[in-house]
Structures are given as C-alpha cells and as structure tokens.
Number of protein chains: 2
Amino acid sequence: MAGENIQFREQLKKKGYKMTTQRQAILDVILQHEGEHLSTEEIYELVKKEHPDIGLATVYRTLLLLDDMELIYKLDFDDGCNRYELNRHKDDHRHHHLICTQCGGVEEVEEDLLESLEEQILKNYGFIVLNHRVKFYGYCKKCSENSPKKAGQD
Amino acid sequence: MAGENIQFREQLKKKGYKMTTQRQAILDVILQHEGEHLSTEEIYELVKKEHPDIGLATVYRTLLLLDDMELIYKLDFDDGCNRYELNRHKDDHRHHHLICTQCGGVEEVEEDLLESLEEQILKNYGFIVLNHRVKFYGYCKKCSENSPKKAGQD
DNA sequence: CAAGTTATTGCAAACTTTAGCAGCAAGGAT
DNA sequence: ATCCTTGCTGCTAAAGTTTGCAATAACTTG
Ligand SMILES: [Mn+2]
Ligand SMILES: [Mn+2]
Ligand SMILES: [Zn+2]
Ligand SMILES: [Zn+2]
C-alpha cells in the first residue's frame with residue numbers, strides 16, 4: 001500500500017511539516033505489519049533494525065503525529081503500554097474490539113451498528129458524533145466452549 | 001451510601017484481603033465525590049487531608065483493587081492521567097461518555113442501547129459480552145451551536 | 001487479649017510516556 | 001548548488017504508573 005505514503009506526504013505538506021527518514025521508516029514498519037497491534041517498544045525495535053540510531057522519543061512523537069492524522073489508531077488493552085494499528089480506511093468509523101478476559105485474545109468486529117445509538121445521542125443530548133472507541137469485554141468462542149461456567153468480571 | 005462500604009468489606013473478606021484505614025479513607029473520598037471523574041493525584045491530595053502519611057503507591061494500588069472489584073471504573077480521557085468514577089450500580093453495564101473534541105467537556109449517556117449489537121456479536125463471533133467501554137468523540141451541543149462548521153477530527 | 005500468620009504499607013527503583021533544549025536536516029528561494 | 005528559515009531529532013529530565021522489599025498492621029486462633 002503506497003496510498004498511505006502519498007497521503008502522509010500530502011498531509012505533512014498541508015500542515016507545514018517535513019518528511020524525514022525517521023518518519024518514513026516508522027510508517028514503513030507499520031505498513032509492513034498491517035493487522036497487528038504493535039506496542040511503541042515493538043515498533044522501536046523493528047525500526048532500529050534498519051535505522052539503529054533512531055531515538056525512542058522520535059518514535060513516540062511520530063506515532064502521536066500519525067494518530068493525529070488518523071493514519072493509525074492508538075489502542076488501550078490495559079497491558080501497560082500503548083499499542084497502535086493501521087487505519088485501513090475500510091469504514092468511516094473505527095472498528096470495535098472484542099477482548100477476552102479469560103485468554104486475553106483480541107478480535108475485531110467488522111460491523112459498526114451504532115447508527116441508531118448515535119441518532120439517539122444527537123436527539124437526546126444534541127451531541128454530534130464524529131467517531132467512537134468501543135471495546136467489548138467477555139468470553140471468546142473458544143474460552144466459553146472450553147469452560148462453560150458463568151462467573152465473570154470486567 | 002454505606003452500601004458500597006458493606007459490599008467492599010464483604011468482597012475483601014471473600015478474597016482473603018484485609019480492610020485497612022488507608023483503603024477506607026480512599027473509598028470515603030470517592031463516595032464523597034460521586035459524579036466526578038477524579039484523577040489519581042486528585043484522590044491522593046484529598047485523602048492526604050485526613051491521612052497525611054499515606055503513600056502515593058497505596059493510592060494507586062487501592063484504585064486498582066477497587067477497579068478489579070468493579071466498585072469504581074477507570075477512565076481514559078487522553079489527558080495524561082488515569083481517572084476514576086464510582087460505579088453507581090444503576091445499570092448492568094457501564095455508561096457511555098461523550099467527549100467534545102472542541103471544548104474537552106465530558107457528558108454521560110444514560111441509555112445503553114447496545115443489546116442488538118451484542119446479539120450480533122454473539123451470533124457472528126460466538127463472543128459472550130459481559131461489559132463494554134464506549135466513548136463517543138464529536139461536538140457537544142454548545143460547541144456545535146457556537147461554531148456551525150463542518151471540519152472535524154476524531 | 002496475646003501470639004502467630006499473612007496481607008499491606010511506605011519507600012525507592014524501574015518502567016512508560018511526555019516535555020525542554022541545542023544542534024541538525026528538510027525544503028523553499030535565490 | 002548555496003543559503004536561510006523552520007521544523008525535527010536525539011539526549012536528558014520530568015511526569016505518571018508499576019514493582020520489589022523490609023517493616024508494619026490486620027485478622028485468626030487460642
Ligand atoms: Mn484492531
Ligand atoms: Mn462518567
Ligand atoms: Zn478467550
Ligand atoms: Zn464542546
């Protein structure tokens with residue numbers, strides 16, 4: 001996907017920012033790992049393979065920049081670090097995540113299905129929804145089959 | 001509300017944990033500030049008024065414990081610190097938050113309205129939803145009235 | 001209520017993320 | 001190609017959070 005690359009350069013120019021080898025390297029790593037939920041440290045280690053002199057702070061700053069531009073999305077799975085995923089532009093809104101409290105696995109939900117709730121929010125609160133972050137906690141298929149219990153926590 | 005207090009003591013005993021003056025003090029502060037979204041540091045400062053010798057690490061650990069017990073909920077408004085709110089037990093599931101990207105204001109949504117989406121998730125993914133975390137980003141009533149523009153970001 | 005067991009506390013160090021700063025590199029203009 | 005402006009980088013320090021550890025306080029039992 002070179003589309004993200006072109007879009008990145010255009011958005012940088014539009015905001016008066018500059019393209020650098022470090023930014024290119026970080027975006028490359030993310031593009032090469034589409035579908036994964038990489039942590040900042042993992043991205044740092046991957047980038048260092050090609051650019052051993054890059055600073056960790058630059059990785060943090062670049063990920064913040066890519067998140068602002070919505071080329072990537074920041075995730076919080078409560079595992080002590082930030083994670084990021086490529087915005088695949090399939091949908092207008094962010095996809096949801098299913099987090100299994102038993103095995104820790106993370107699945108993605110293709111369906112949005114929040115239109116009626118967003119209409120309700122506009123009607124009841126006058127709030128215009130532009131995007132959302134939705135996580136569901138519970139038992140994945142495998143875990144609910146293997147241990148057919150009922151106890152559960154968030 | 002002494003209900004939370006009793007529930008707290010019962011859950012501690014059931015898990016073999018102990019009630020301490022520090023834990024009581026922290027829960028008291030949270031109960032006295034129902035409806036607010038206090039940060040760890042803010043809770044620490046409030047607790048110190050009555051218990052000046054308490055350690056910050058104890059506050060962090062106790063908030064983690066209360067979150068595990070679902071007496072409180074951890075919030076992430078991307079403002080550089082963790083925030084917490086009392087679980088008011090009004091609903092089975094957590095309420096949603098509306099976050100205005102213009103003024104930074106946070107509103108709460110009473111309606112859940114996720115039943116059909118959760119059914120869809122069970123049908124399509126075999127995932128049993130126990131709880132969820134939902135944040136909507138956009139323009140609050142005031143901000144969308146004061147500046148009737150269209151541009152927007154997540 | 002005294003003794004014994006064990007979870008909890010406060011402190012300090014480690015870890016994750018952000019911010020400040022001087023030198024450097026990108027990109028526009030000549 | 002050279003100069004110039006300005007944003008960017010790497011380093012370091014700071015802020016926010018978690019973890020390890022010895023001393024302490026809470027609960028159990030007698
Ligand atoms: Mn995902
Ligand atoms: Mn709330
Ligand atoms: Zn699972
Ligand atoms: Zn607003």
Side-chain angles (χ1 to χ4, degrees), chain A residues 5-6 8-29 37-48 50-69 71-84, chain B residues 5-6 8-29 37-48 50-69 71-84:
Chain A
N5 232 309
I6 293 164
F8 186 36
R9 295 185 117 90
E10 280 175 358
Q11 285 196 52
L12 285 175
K13 180 166 284 186
K14 192 161 62 182
K15 295 193 179 185
Y17 299 157
K18 293 169 179 172
M19 177 50 109
T20 66
T21 56
Q22 289 91 337
R23 286 176 175 171
Q24 183 66 66
I26 291 164
L27 180 58
D28 285 345
V29 162
H37 299 141
L38 296 177
S39 71
T40 309
E41 196 71 31
E42 287 166 348
I43 293 167
Y44 176 52
E45 291 302 326
L46 287 166
V47 173
K48 270 210 295 193
E50 299 292 324
H51 298 262
D53 296 335
I54 197 169
L56 179 56
T58 299
V59 177
Y60 273 102
R61 279 183 296 231
T62 302
L63 292 174
L64 212 64
L65 181 70
L66 290 168
D67 186 64
D68 279 347
M69 293 180 170
L71 280 165
I72 62 175
Y73 286 134
K74 182 160 79 162
L75 308 168
D76 178 19
F77 295 150
D78 279 308
D79 62 346
C81 61
N82 290 342
R83 295 185 174 277
Y84 293 89
Chain B
N5 233 308
I6 294 164
F8 186 36
R9 296 184 118 88
E10 280 174 358
Q11 285 196 51
L12 284 176
K13 180 165 285 186
K14 192 160 62 180
K15 296 193 179 186
Y17 299 156
K18 293 168 179 173
M19 178 50 110
T20 65
T21 55
Q22 290 91 337
R23 286 176 176 170
Q24 183 66 65
I26 291 164
L27 180 57
D28 285 347
V29 162
H37 298 143
L38 295 177
S39 70
T40 309
E41 197 70 31
E42 287 166 350
I43 293 168
Y44 176 53
E45 292 302 326
L46 287 165
V47 173
K48 270 210 294 193
E50 300 291 327
H51 298 262
D53 295 335
I54 197 167
L56 179 56
T58 299
V59 178
Y60 273 102
R61 278 185 293 233
T62 301
L63 292 174
L64 214 62
L65 180 71
L66 290 167
D67 186 65
D68 279 347
M69 294 180 169
L71 281 165
I72 62 175
Y73 286 134
K74 181 160 80 162
L75 308 167
D76 177 19
F77 295 150
D78 278 308
D79 63 345
C81 61
N82 289 341
R83 295 184 173 277
Y84 293 90

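All heavy atoms count here, side chains included; hydrogens, waters and symmetry mates do not. In what follows, every chain begins at residue 1, and chains take the letters A, B, ... in the order their sequences are listed.
The backbone N or O of B/K18 lies less than 3.5 Å from a partner atom in the side chain of B/R23, making a donor-acceptor pair.
As a whole-Å value, the separation of A/R23 CZ from D/dG7 C1' is 8 Å. As a whole-Å value, the separation of B/N82 CG from C/dC15 P is 20 Å. One atom, NE2 of A/H51, and another, P of C/dA25, lie 15 Å apart when rounded to the nearest Å. One atom, OH of B/Y44, and another, C1' of D/dA15, lie 15 Å apart when rounded to the nearest Å. Taking atom CG of residue A/D53 and atom C1' of nucleotide D/dC8, one finds them 16 Å apart after rounding to whole Å. Atom CZ of A/R83 and atom P of C/dT17 are 10 Å apart (whole Å). Between the CD atom of A/E41 and the P atom of C/dA14 there is a distance of 16 Å, rounded to whole Å. Computed from coordinates, the B/L56 CG to D/dA15 P distance equals 13 Å when rounded to whole Å.
Candidate nucleotides C/dT8, D/dC8, C/dG10 were compared by shortest atom distance to the side chain of B/K18, and C/dT8 ranks first. Among C/dG28, D/dC27, C/dT16, the nucleotide with an atom closest to any side-chain atom of B/M19 is D/dC27. Among the nucleotides C/dT9, C/dG10, C/dA7, the one closest to any side-chain atom of B/Y17 is C/dA7.
Within the nucleic acid shown, A/K13 comes within 4.0 Å of sugar-phosphate atoms alone, with no base atom in reach, counting heavy atoms only.
In terms of phosphate contacts, B/T58 brings a side-chain nitrogen or oxygen within less than 4.0 Å of OP1 or OP2 of C/dG10. For the pair B/T20 and C/dA7, the criterion of a side-chain N or O lying under 4.0 Å from OP1 or OP2 is not met.
The CG atom of A/D28 sits 12.0 Å away from the CG atom of A/L46 when rounded to the nearest 0.5 Å. Within the model, atoms OG1 of A/T62 and CD of A/Q24 stand 11.5 Å from one another, a figure rounded to the nearest 0.5 Å. Between the CD atom of A/E41 and the CG atom of A/N82 there is a distance of 12.0 Å, given to the nearest 0.5 Å. Note: A/D67 CG to A/L63 CG = 8.5 Å, rounded to the nearest 0.5 Å.
Remark: B/E45 CD is packed, more than 12 non-hydrogen atoms of other residues, nucleotides or ligands lying under 6.0 Å away.
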Report each atom pair, protein N/O against N/O of nucleotides 19-22 of chain D, whose distance is under 3.5 angstrom.
unit_1 : atom_1 : unit_2 : atom_2 : d
D/dG20 : O6     : B/R61  : NH1    : 3.2

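Shown here for B/Y84 and B/T40, the closest heavy-atom pair between the two residues is CE1-OG1, 3.7 Å.
Residue order along DNA chain D, read from the 5' end via each residue's closest nucleotide, puts A/Q22 first among B/T40 and A/Q22.
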